[in-house]
Amino acid sequence: GDSVTQMEGPVTLSEEAFLTINCTYTATGYPSLFWYVQYPGEGLQLLLKATKADDKGSNKGFEATYRKETTSFHLEKGSVQVSDSAVYFCALSRGGYNKLIFGAGTRLAVHP
Amino acid sequence: DVKVTQSSRYLVKRTGEKVFLECVQDMDHENMFWYRQDPGLGLRLIYFSYDVKMKEKGDIPEGYSVSREKKERFSLILESASTNQTSMYLCASSPREGGATEAFFGQGTRLTVV
């Protein structure tokens, strides 16, 4: 069945460091891909998405490119801030009802 | 500001109790979902609903049921709570339009079954 695998955390970085969180997926057909973020004490919120191969999603300095050939959707940011500390979830959407399959989540801690 | 509201942030229940988790959305969304969040497992879909009184099982429906009598409200029911249902429960909603629309999440209910 469909699945999402993302790198285990926690990831600990200093402020202004470069961030990469790896995400790969297994799916039949052509799913839409998402990154959701969960700040402490809050629910998930959409960070960015891509709906077809070679699409790049971007938001708040974060980017991810839908790579069909490597079945990947890695999240990157050039310079992280303390306020980026959160748990990041990669997800794919299957079917017409927007049912999401999530990866395990990666906790990011950014220190000053 | 769009909102998905879950009735409780924290709940403690005893084994064998019947537990109701309530979720309300104010966006007139057709689709509503219940997920369970556990460390190392991410979020897993328990049930979803695409219309009033319509429901379908997700990936881990055992031990749970749901009710959707009104469009804005989606309830998760633990028929007889067990300790392995201790978890964070997240409700979400999204419009009908298809697989690439944004899902909006509530803040979650952390349920402890003792």
Side-chain angles (χ1 to χ4, degrees), chain A residues 1-10 21 23-53 55 57 59 64 66 73 86-107, chain B residues 1-6 8-10 21 23-25 27 29-51 54-61 68 74 88-110:
Chain A
D2 297 352
S3 65
V4 174
T5 302
Q6 60 182 107
M7 63 187 288
E8 291 188 22
I21 300 177
C23 171
T24 57
Y25 68 91
T26 302
T28 53
Y30 304 97
S32 295
L33 301 174
F34 304 81
W35 278 100
Y36 280 83
V37 59
Q38 185 177 36
Y39 297 103
E42 298 184 13
L44 278 70
Q45 56 187 271
L46 179 66
L47 181 60
L48 53 84
K49 68 179 183 182
T51 58
K52 61 183 186 297
D55 263 4
N59 186 26
Y66 190 142
F73 193 55
V87 181
Y88 292 81
F89 292 92
C90 185
L92 66 82
S93 174
R94 55 180 176 172
Y97 296 117
N98 200 25
K99 293 178 287 183
L100 295 167
I101 296 177
F102 288 88
T106 302
R107 182 175 299 276
Chain B
D1 200 15
V2 296
K3 273 240 167 40
V4 177
T5 303
Q6 296 182 228
S8 303
R9 292 294 301 273
Y10 301 94
L21 303 184
C23 175
V24 178
Q25 52 99 358
M27 294 165 282
H29 286 165
E30 289 78 12
N31 301 332
M32 295 188 75
F33 309 85
W34 277 105
Y35 291 92
R36 172 176 169 159
Q37 181 180 4
D38 297 291
L41 297 176
L43 280 74
R44 293 176 292 167
L45 181 63
I46 304 172
Y47 267 96
F48 75 100
S49 169
Y50 53 90
D51 205 344
M54 306 304 290
K55 61 187 178 184
E56 287 198 15
K57 294 179 180 179
D59 299 312
I60 52 164
R68 193 164 180 203
F74 192 37
M88 172 71 86
Y89 291 88
L90 290 166
C91 175
S93 72
S94 70
R96 187 191 296 283
E97 283 82 39
T101 56
E102 179 178 357
F104 294 85
F105 285 81
Q107 289 187 297
T109 297
R110 184 167 294 283

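Side chains included, hydrogens not; waters and symmetry mates left out as well; all remaining heavy atoms used. As the structure is a computational prediction, the values presented were derived from the model and not from experiment. Protein chains get the first letters and strands the later ones, always in sequence-line order, with residue 1 at the start of each.
Shown here is A:Glu8, whose CD atom has no more than 12 heavy atoms of other residues, nucleotides or ligands within 6.0 Å. Counting heavy-atom neighbours within 6.0 Å of A:Tyr30 OH, excluding the residue itself, gives a total of 12 or less.
Of all heavy-atom pairs between B:Thr101 and A:Phe34, the closest is O-CE2, 4.0 Å. Summarising the geometry of B:Leu43 relative to A:Phe102, their closest heavy-atom pair is CB-CD1, 3.5 Å, with the distance given to 0.1 Å. When all heavy atoms are compared, the tightest approach of A:Ala104 to B:Gly40 is CB-O, 3.4 Å.
For the atom pair CG (A:Leu100) and OH (B:Tyr35), the distance works out to 4.0 Å, reported to the nearest 0.5 Å. A distance of 9.5 Å separates CD in B:Glu102 from CG in A:Asn98, rounded to the nearest 0.5 Å.
With a 4.5 angstrom heavy-atom cutoff, A:Gln38 touches chain B only via side-chain atoms. Residue B:Asp38: no heavy atom, backbone or side chain, is found under 4.5 Å from chain A. For chain B, the nearby part of A:Lys49 is the side chain; its heavy atoms alone come within less than 4.5 Å. Proximity to chain A is limited to the side chain of B:Arg9, based on heavy atoms less than 4.5 angstrom apart.
Applying the side chain to side chain donor-acceptor pair (under 3.5 Å) criterion to B:Arg68, with sequence neighbours excluded, gives B:Ser49. Scanning for side chain to side chain donor-acceptor pair (under 3.5 Å) contacts around A:Ser3 gives an empty result, with sequence neighbours left out.
With chain A as the partner, the residue from B:Glu56, B:Met88, B:Gln37, B:Arg110 showing the most heavy-atom pairs under 4.5 Å is B:Gln37.
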